[in-house]
Amino acid sequence: MSYKKYTGAAGGWGALASTAKHLLKSENIAKNIKNLLKTNQDKGFDCPGCAWGEKDEPGRFRFCENGAKAVNWEATSKRIPASFFDTHSVRWLDEQSDYFLEDQGRLHQPLSYHAELDKYQPISWSQAFDLIANQLNTLASPNQAEFYTSGRTSNEAAYLYQLFVRAYGTNNFPDCSNMCHEASGYALKQAIGIGKGTVTIKDFEYADAIFVFGQNPGTNHPRMLDSLSHASRRGASIVTFNPLKERGLERFTNPQSAKEMLAGDGTTISSQYFQPNLGGDMAVVRGMVKVLEQRNASATQKGSSLFDEKFITEHTQGLEEYLDLVRNTSWQHIEQQSGLSQAEIEQAATIYQQANSVIVTWAMGITQHKHSVATIQEITNLQLLFGHIGKPGAGLCPVRGHSNVQGDRTMGINEKPDDKFLDSLTSHFNFKPPRAPGHNTVQAISAMLAGESKVFIGLGGNFVAATPDTELSRKAMASCDLTVHIATKLNRTHVTPGKQSIILPCLGRTDVDVQAKGPQQVTVEDSFSMVHASAGVVEGHIGDMRSEPAIIAGIATATLGNQPVNWLELTQDYDGIRELIANTIPGFKNMNAKLQQPGGFYLGNSAGERNWNTPSKKAELKVNALPENIVPQSVRALSQDKIFVLQTLRSHDQYNTTIYGFEDRYRGISGEREVLLLNPEDMTDLGFEAGDLVDITSLWPDEVERKVTAFKLLPYDMPKGNAATYFPEANPLVALDSVGDNSDTPTSKSIAIVISASLKQPSIL
Ligand SMILES: Nc1nc2c(c(=O)[nH]1)N[C@H]1C(S)=C(S)[C@@H](COP(=O)(O)OP(=O)(O)OC[C@H]3O[C@@H](n4cnc5c(=O)[nH]c(N)nc54)[C@H](O)[C@@H]3O)O[C@H]1N2
Ligand SMILES: Nc1nc2c(c(=O)[nH]1)N[C@H]1C(S)=C(S)[C@@H](COP(=O)(O)OP(=O)(O)OC[C@H]3O[C@@H](n4cnc5c(=O)[nH]c(N)nc54)[C@H](O)[C@@H]3O)O[C@H]1N2
Ligand SMILES: [Mo]
């Protein structure tokens, strides 16, 4: 492995070279280049890479390096050889790396697990559907089955899936969103009456300032850097908060701009880069409000005001109670928790104050903490004081992860559906959807572990690798009577079978999907509430793969017959599914017609229009106490050693649990993933040197030892007391019970750990 600080701009020739490298590795280079040119274009497919939106400019290239990797990985012509499962036992497969499992190529025939042989064997589609239906129909209650969804699923598949599951009788919809932006949805729904961001991509063209909290767009949303660099060049301030120095947030060269590529050194992204402690963002924002409130008080004495008084009066409630709390929060508490000085926070507040329009964006660095809901509501409060919601160039922007995770929620993949949604299903279909809330991801694991849930069906994703407390999660999966996986590629979850297990191979976003009435398109919703069509372009050998809607229709027909709809007929032409969506979900009226518009259609956004769907019909300033400590006393008491706060994050060469390679280019890390990044002084204080192998033990007040071993230490620019390592390798450290307040999201960015020398020594070659 090697480690060398990356000093160039993100993007640029490095990104182009890496795109080329990944394309050249594939067996169908010319085809994949052609495919990429259709990414995110009208009549092309939506990039499965991320949920960033597109400006409506015809003729532009709309892919990025990491989108290219995602496309290449899926659009491969490589197929798992027929002899593969005959040769390899599941036990053997489980000993292989995540990279190896997915790298075998696309799954292309239905498989069923034979427990005595410990092997997967081919099975016909109809046998598979009957087996699943029999299991579902013999459960004592529909609530004994879990129906997981990962966020690549299209609106059409998601709608059909939720309709089937509710008609079957449960709201058990654990989904990847429970581990991702759940806190954003919950916090915003309470505060502004809608669980989504309020901005459109156009707003980035008008913002005076963009505050970026807890995200790494250079890797995870590279097309966002395009918006940020445009904003930077026209003089907008970009203020970043991230404990780590992330290259993509410092400088960026757009690989799709010849001018920038030739000029060489790229555009400065962040005008200010603050490095708070992990979990310190709520304290940062509280501090900013404290500064601004005092300045506002002085201004008021002189007859003017900083806050948007008119907006506050007309549109908000809860001001005085919130400001009392702010005044009562001490600077000592704010500085100690945030890791920033009062002077730094004042500097950030000044930039905020000087801007007429501010967008705040955030991702996993904000949502995967115990106090994530409170942090997002604190950010919302700040924006509300200045009226920065519902005007051009201003608003809230949770940057979503999976390309259709937002759409899946809109379609009803929700374990706690609201009454309005269920009423709409009730009045349109001939069945009574269940009203009791179902399980989210963490609750589903607990229910499986307790033997209460016996069937797991996964529409995409990699459940046991993505969820916390890996050992427990795997035990939960293995204890099921039946596990079913609708998937494109083999992964860890498939090699953790229940007593019976079935793999159903599906088409991906890039594949041409031909049904009885011809080629089909599906739809997705991006982070800006834009819905657009996506049609695959790859006409590879699809073997026995089926589309996700066709697979769901098969399971539904075998389980429920033609109730409450004729499932198979619906999948002959997805226009029929869209008719149902149009009739039952607000914002989708005339969906089929509206899809004809290039770029798709806008769902509208109540908060963006300053309509507040809250009980008070106003935007509500929420009053949440700052946590006493990021690591609570009950956890602190568990060790005498120095306790660090660990975050688990993504490298540049992965898509969640899919590992494309071993280059984390912008962090200068190459060849290895089992690494622990620490502040260099902390490393010396502990008596370690770069390259030493350490064991990491997490602290949680139960009797379980959670440990990963032989991780290599690397120095990295971050505040003392913080640490970082990659997801999913570190998931065994996250206790299942360690979840966000009100969101139940695993606290993957806030794990208390101690570090010790590893007993395993590096092998001497
Ligand atoms: N290429 C690629 N694209 C992806 C994905 C992928 O894996 N690969 N995943 C997709 C998905 S599902 C998602 S959800 C998104 C994820 O996108 P991100 O949220 O960008 O993903 P992470 O790698 O988890 O990065 C977290 C970032 O937040 C910072 N951070 C961590 N904790 C804190 C904190 O307490 N405060 C602050 N201020 N910063 C913090 C970290 O240093 C890091 O820069 O990306 C999506 N796009
Ligand atoms: N410690 C830690 N844990 C985390 C996170 C973290 O930051 N730290 N992040 C969390 C987040 S934000 C998320 S979103 C989750 C992700 O959790 P998941 O969504 O469950 O995981 P993915 O890795 O995205 O799923 C990859 C698998 O999806 C399947 N797949 C790919 N494309 C398709 C398709 O088109 N259709 C179907 N049916 N299957 C397909 C392939 O078989 C592939 O192996 O992980 C969470 N877990
Ligand atoms: Mo995510």
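Note: hydrogens, waters and symmetry copies are ignored here, and every other heavy atom, side chains too, is used. Numbers here simply count residues along the sequence, with the first being 1. First listed ligand is number 1; within each ligand, the first listed atom is number 1.
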Counting from 1 in the order shown, the ligand 2 atoms closer than 4.0 Å to a non-hydrogen atom of N491 are 27 (C), 42 (O), 43 (C), 44 (O)
Do we get K245 above Y273's six-membered ring, with its NZ or CZ under 6.0 Å from the centre and within 45° of the axis? yes
A student checking ligand 2 against E102 at a 4.0 Å heavy-atom cut-off should list atoms 43 (C), 44 (O)
Report yes if some N/O of T488 lies less than 3.5 Å from some N/O of ligand 2; otherwise report no.
-> yes
Q. Any nitrogen or oxygen of I486, main chain or side chain, under 3.5 Å from a nitrogen or oxygen of ligand 2?
A. yes
Under 4.0 Å from one or more heavy atoms of G460, ligand 2 contributes atoms 37 (C), 38 (N), 39 (N)
*If we ignore angles and hydrogens, is there a donor and acceptor under 3.5 Å between the side chains of N155 and N404?*
yes
Checking heavy atoms under 4.0 Å, the part of H485 that sits near ligand 2 is neither
Between the OG atom in S547 and the CD1 atom in I542, the distance rounded to the nearest 0.5 Å is 9.0 Å
Item checked: Centroid-centroid distance, W52 to F528, less than 6.0 Å -> yes
At a 4.0 angstrom heavy-atom cut-off, ligand 1 is contacted by G49, C50, N66, C180, G214, Q215, N216, T219, N220, H221, F241, N242, P243, L244, E246, L278, G279, D281, A363, M364, G365, H369, G401, H402, Q647, L649, R650, Q654, Y655, N656, K749
| said: So, regarding R509 and ligand 2 (criterion: nitrogen or oxygen to nitrogen or oxygen, under 3.5 Å), is there a contact or not? | reply: no
In this structure, CD of E344 is separated from CD of Q275 (nearest 0.5 Å) by 9.5 Å
Sorted by chain and number, sequence neighbours left out, ring-ring contact (aromatic ring centres under 6.0 Å, His included) with H494 holds for H485
Fill in: Ion pair check, R474 and D94, cut-off under 4.0 Å
yes
Where does the angle between the aromatic ring planes of F147 and F173 fall among parallel (under 30°), tilted (30 to 60°) and perpendicular (over 60°)? tilted
When every non-hydrogen atom of H402 is compared with those of C176, the smallest separation belongs to CD2-SG, 3.6 Å
Please tell me whether Y660 and Y655 form a close aromatic pair, meaning their ring centres lie under 6.0 Å apart.
no
A student checking ligand 2 against Y148 at a 4.0 Å heavy-atom cut-off should list atoms 17 (O), 18 (P), 19 (O), 20 (O)
All heavy atoms of G461 vs all of Y148, minimum pair found to be CA-CE2, 4.2 Å
A student checking ligand 2 against C506 at a 4.0 Å heavy-atom cut-off should list atoms 36 (N), 37 (C), 38 (N)
A student checking ligand 2 against N731 at a 4.0 Å heavy-atom cut-off should list atoms 1 (N), 2 (C), 3 (N)
Here the atoms of ligand 2 under 4.0 Å from any heavy atom belonging to E548 are 34 (C), 36 (N), 37 (C), 38 (N)
